[in-house]
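What follows is a single structure, written as structure tokens, with notes after it.
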Amino acid sequence: MHEHYPFTVKPLPYDYDALEPYIDEKTMRLHHEGHYRTYVNELNKALKEFPDLHHIPLPDLLENLEILPLSIRNTVRNNGGGVFNHELYFNVMKPIRQNKPTGKIADAIKSHFGSYDNFKSKFKDAALSRFGSGWAWLVNDDNGKLYIISTPNQDTPLHAGINPILPLDVWEHAYYLKYNNRRGEYIDNWFNVIDWNKINQNYQKSLILK
Ligand code: MN3
């Protein structure tokens, strides 16, 4: 069951310093306690006066933005997207040593992109070429076909049967304290903390749900 209003701040599934040295403690703390918490609060504030929307799970709100009153549509798009994207992002990282794709997603990456290295290079290109703030994504469609895309701001890929599997936050707040303007170095290092078991679960779940 997906959570609905009022949305709550979920704790990180690991310690703030768990992703060191690739992602530093200070960045993780600020990202989780500052940015993410603000998205949750602002989303709740926007929905407060609209009880008809209180039973709707977040992914459904984001997939159907056109059902929202105009006065809160953009606020929900930005802050609801912020909540959804960050919960997914925090959950696909983990301090691990074995960080190669595993299971069905490993086979799918090989057949769609040729090799894991080729996938990494294409994903990095998408993350580097997202101008300004946004996200890079590995997604799949209802037929299980994989794509690498990017979205601006806090927009999600939740439309037209697009399932987000692996998100990468490329807002400066995700890396600036440690990497300054070196987004490419952040991306290279981030590949070390991807929890491929989770990615494989996200992929398989989306195939069952279709
Ligand atoms: Mn962020």
Side-chain angles (χ1 to χ4, degrees), residues 2-3 6-47 58-59 61-63 65 74-95 99 120 123-139 148-159 162-195 198-199 202:
H2 271 294
E3 182 197 22
F7 296 95
T8 58
V9 172
K10 314 292 176 309
L12 274 189
Y14 38 77
D15 292 334
Y16 284 111
D17 64 356
L19 306 179
E20 294 266 11
Y22 305 113
I23 302 183
D24 60 294
E25 177 180 0
K26 212 168 160 188
T27 296
M28 286 308 291
R29 202 176 277 281
L30 190 66
H31 207 166
H32 183 267
E33 288 180 355
H35 295 273
Y36 163 58
R37 180 182 298 274
T38 302
Y39 293 126
V40 174
N41 291 342
E42 292 299 313
L43 174 62
N44 285 332
K45 214 195 285 178
L47 293 171
L58 184 55
L61 288 173
L62 295 170
E63 269 168 48
L65 287 166
N74 252 343
T75 310
V76 171
R77 176 181 184 161
N78 291 329
N79 292 284
V83 173
F84 179 85
N85 293 344
H86 283 90
E87 289 181 357
L88 199 59
Y89 172 70
F90 292 143
N91 271 300
V92 299
M93 298 189 288
K94 196 183 171 184
N99 65 328
K120 277 165 74 175
F123 195 96
K124 185 180 178 183
D125 285 349
L128 276 178
S129 60
R130 165 49 51 198
F131 188 77
S133 298
W135 294 74
W137 301 89
L138 175 65
V139 299
I148 292 167
I149 62 167
S150 76
T151 54
N153 306 312
Q154 294 295 352
D155 286 357
T156 74
L158 289 174
H159 54 82
I162 310 267
N163 308 298
I165 301 176
L166 172 63
L168 173 59
D169 191 340
V170 291
W171 283 57
E172 283 187 342
H173 68 229
Y175 62 88
Y176 205 85
L177 288 179
K178 182 177 171 75
Y179 296 102
N180 306 139
N181 59 335
R182 302 184 306 278
R183 189 190 281 190
E185 205 178 310
Y186 157 65
I187 300 165
D188 288 338
N189 279 321
W190 169 78
F191 283 114
N192 290 301
V193 295
I194 300 175
D195 180 354
K198 282 270 173 60
I199 308 308
N202 291 348

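The model shown is predicted, which means the values in this text are computed figures rather than measured ones. Read the numbers this way: they start at 1 and go in the same order the structure lists the ligands and their atoms.
For Glu25, the side chain to side chain donor-acceptor pair (under 3.5 Å) criterion is met by Arg29, not counting sequence neighbours. For Glu87, the side chain to side chain donor-acceptor pair (under 3.5 Å) partners are Lys10, Tyr36, not counting sequence neighbours. With sequence neighbours left out, the side-chain contact (heavy atoms from CB on, under 4.5 Å) criterion links Asn44 to Tyr5, Pro6, Phe7, Val40.
The aromatic rings of Phe90 and His86 sit tilted relative to each other, their planes meeting at an angle between 30° and 60°.
Listed by chain and number, the protein N, O or S atoms at a distance under 2.8 Å from the Mn ion (ligand 1) are His31 NE2, His86 NE2, Asp169 OD2, His173 NE2.
Scanning both residues, Arg130 and Arg183, for their nearest heavy atoms gives O-NH1, 2.8 Å.
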Any chance you could lay out the side chain to side chain donor-acceptor pair (under 3.5 Å) test for Asn189 and Tyr175, step after step, and finish with the verdict?
CA-CA 11 Å; Asn189 279 321; Tyr175 62 88; over 6 Å; no
